[in-house]
Amino acid sequence: MMDAPDEKEVAVTMEFARHPHPSPIAEERRREILVSPGFGQHFTDHMVSIDWTRASGDAAAESSAPHSGGEWHDARLEPFGPLSLSPAAAVFHYAQEIFEGLKAYRHDDGSVWTFRPQANAARLNRSARRLALPELPEEVFLEALRVLVSTDQSWVPDGDGQSLYLRPFMIATEEFLGVRPANEVGFKVIASPAGNYFGGELKPVSIWVSRELARAGHGGTGAAKFGGNYAASLAAQLEASAHGCDQVLFLDPVRDNAVEELGGMNVFFVFADGSLVTPELTGTILEGVTRSSVLQLGRDRGLNVVERSITVEEWRAGVASGEITEVFACGTAAVITPIGTLVDGEDSFMSPEIDPATSVALDIRRELLDLQTGHGDDRHGWLHRLV
């Protein structure tokens, strides 16, 4: 399950200086973009930036708490645009960076909400600890989202399946080539209007099984939302594309080639006995916010929710016997997407065809989308208003 949000209070409220864009994108052009925004192709007029500097003379960089002893400062809203960084900035040489991804949704009354941002704030800080970066107080994380979205709220689309994708990230900005945690760090939030991740029609995705390449290893950074994990997945994604597949599936060779996750999504299996199964968290799998939400909504439906090891061989046998009735993937961008064909070298097999009338995956997907867009009952208190 997701960690409980950090409830520590911030001693001093962080004020955000505001520097409006002198020439924002024209309203007519913005409307054209929002008709069909795609994903990650267009960006709003502003971004949020906050700097962190380690206290002068602090020796914490060599201690067991390399992210301590500093201060967040100079919080500001500013025009979206290129960053000015030294070629010697640590992020370029030692990949000291992390990021998050979440969405803002416009409701029928014009208000704008996001989904479980406290869980994203908690995960950002878990990632920060793993990458020796400073933690950001939850209240500051939430305020950064609010400041950006309230300023650029005209960029929040209201079409079916559309949202404003929010990308908070943290990078080591210090000009230094020594191998140690950076003494200067930047946190930023940018925003991008988004349509449906896989296109307008929900259809099963095809999956290539990566037997030679891995996205993360035991003791590595797999549980962090770290760009290096995604970079490590790209060569395997090229293999998938070369074999006509949409996504790549990674396995854990240390645990009998157990199923881990896709390049950017978690995997779920529905069994005929009423079980909802997903790979257990072992330190190599990202603890997705949508994953956690699916687990809870499965429990709400009385399903037997299980986090355990499952292999491709069990997947294949379960489909053949009728024991496995559905296979799907989930993530912030795609929400929930059925998995169709699995290609494993020269072998391939189809997951069961999903019946819309009885599908667990589609039922949970409907509830998630209804909740996020303000058309469902928020019984778990997952929505957070931004505007």
Side-chain angles (χ1 to χ4, degrees), residues 1 203-218 222-223 233 236-237 239-240 243-288 290-299 301-331 334 336-355 358-365:
M1 296 177 62
K203 56 183 180 180
V205 293
S206 55
I207 307 297
W208 167 258
V209 178
S210 177
R211 293 279 181 176
E212 302 297 328
L213 302 173
R215 63 176 289 278
H218 287 267
S233 76
Q237 181 62 50
E239 280 187 357
H243 289 84
C245 294
D246 302 307
Q247 281 281 327
V248 60
L249 174 72
F250 292 101
L251 308 178
D252 185 350
V254 177
R255 299 166 58 248
D256 298 321
N257 283 321
V259 170
E260 289 206 309
E261 61 178 280
L262 304 186
M265 294 185 285
N266 296 115
V267 183
F268 277 85
F269 302 85
V270 180
F271 282 72
D273 66 0
S275 296
L276 179 64
V277 176
T278 195
E280 62 191 320
L281 300 174
T282 62
T284 58
I285 296 174
L286 183 67
E287 187 176 357
T290 307
R291 175 187 183 276
S292 173
S293 305
V294 170
L295 291 174
Q296 181 58 60
L297 296 181
R299 294 186 191 98
R301 285 159 171 73
L303 298 173
N304 176 32
V305 174
V306 182
E307 298 176 69
R308 66 168 176 83
S309 173
I310 183 168
T311 64
V312 171
E313 289 66 32
E314 182 183 355
W315 182 346
R316 181 188 290 105
V319 168
S321 67
E323 209 177 345
I324 293 178
T325 58
E326 298 181 52
V327 188
F328 64 92
C330 71
I336 286 177
T337 301
I339 291 177
T341 304
L342 190 76
V343 181
D344 186 5
E346 297 300 318
D347 185 25
S348 67
F349 62 93
M350 290 281 295
S351 292
E353 186 174 347
I354 287 181
D355 180 354
T358 60
S359 168
V360 170
L362 296 186
D363 186 43
I364 292 177
R365 183 178 188 273

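- The backbone N or O of Val267 lies less than 3.5 Å from a partner atom in the side chain of Thr278, making a donor-acceptor pair.
- Using a 4.5 Å heavy-atom cutoff, the side chains of Val270 and Phe328 are in contact.
- Of all the heavy atoms in Pro352 and Val319, the pair that sits closest is CD-CG2, 3.8 Å.
- Side-chain contact between Cys330 and Ile336 is present, with heavy atoms from C-beta onward closer than 4.5 Å.
- The CG atom of Asp355 lies 10.5 Å from the OG1 atom of Thr325; values are rounded to the nearest 0.5 Å.
- Here the straight-line distance linking atom CD of Glu326 with atom OG1 of Thr358 works out to 6.5 Å at 0.5 Å rounding.
- Residues Leu276 and Val294 are in side-chain contact: their nearest non-hydrogen atoms beyond the backbone lie under 4.5 Å apart.
- Residues Ser309 and Ala258 come closest through the heavy atom pair OG-CB, 3.4 Å.
- The closest side-chain heavy-atom distance from Gln247 to Ile339 is not below 4.5 Å.
- In this structure a side-chain-to-backbone donor-acceptor pair under 3.5 Å is missing from Asn266 to Glu261.
- Here the closest heavy-atom approach between residue Leu286 and residue Ala223 is recorded as CD1-O, 3.5 Å.
- Atom CZ of Phe269 is separated from atom CD of Glu323 by 12.5 Å, given to the nearest 0.5 angstrom.
- The structure places CG of Leu251 at 11.0 Å from CG of Leu213, a figure rounded to the nearest 0.5 Å.
- With hydrogens and angles disregarded, no donor-acceptor distance shorter than 3.5 Å links the side chain of Gln237 to the backbone of Gly263.
- Here the closest heavy-atom approach between residue Trp208 and residue Ala236 is recorded as CD1-O, 4.2 Å.
- For the pair Arg215 (side chain) and Thr284 (backbone), a donor-acceptor distance under 3.5 Å is present.
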- request: May I have the step-by-step check of side-chain contact (heavy atoms from CB on, under 4.5 Å) for Val259 and Leu249, ending in yes or no?
  value: CA-CA 7 Å; Val259 170; Leu249 174 72; 3.7 Å; yes
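- Between Pro204 and Asp246, the shortest heavy-atom distance links the atoms O-OD2, 4.4 Å.
- Residues Val306 and Val277 have side chains in contact (heavy-atom distance under 4.5 Å, counting atoms from C-beta outward).
- For the pair Asp344 and Arg211, the minimum side-chain heavy-atom distance is below 4.5 Å.
- Side-chain contact between Arg301 and Ile364: present, with at least one pair of heavy atoms (C-beta onward) separated by less than 4.5 Å.
- Between Phe250 and Ala214, the shortest heavy-atom distance links the atoms CD2-CA, 3.8 Å.
- A donor-acceptor contact shorter than 3.5 Å links the side chain of Ser359 to the backbone of Ala361.
- Between the side chain of Thr337 and the main chain of Ala329, no donor-acceptor pair closer than 3.5 Å is present.
- The residues Glu307 and Arg291 are annotated as salt-bridged, a charged nitrogen and a carboxylate oxygen being separated by less than 4.0 angstrom.
- Using bins of under 30°, 30° to 60° and over 60° for the plane-to-plane angle, the ring pair Trp315/Phe349 lands in the perpendicular bin.
- In Asp256, the CG atom is not crowded: 12 or fewer heavy atoms of neighbouring residues, nucleotides or ligands sit closer than 6.0 Å.
- Contact check for Ile207 versus Leu262: side-chain heavy atoms found under the 4.5 Å cut-off.
- Taken from CG in Leu297 to CZ in Arg299, the straight-line distance is 10.0 Å, to the nearest 0.5 Å.
- Rounding to the nearest 0.5 Å gives a distance of 13.0 Å between OG of Ser321 and CZ of Arg316.
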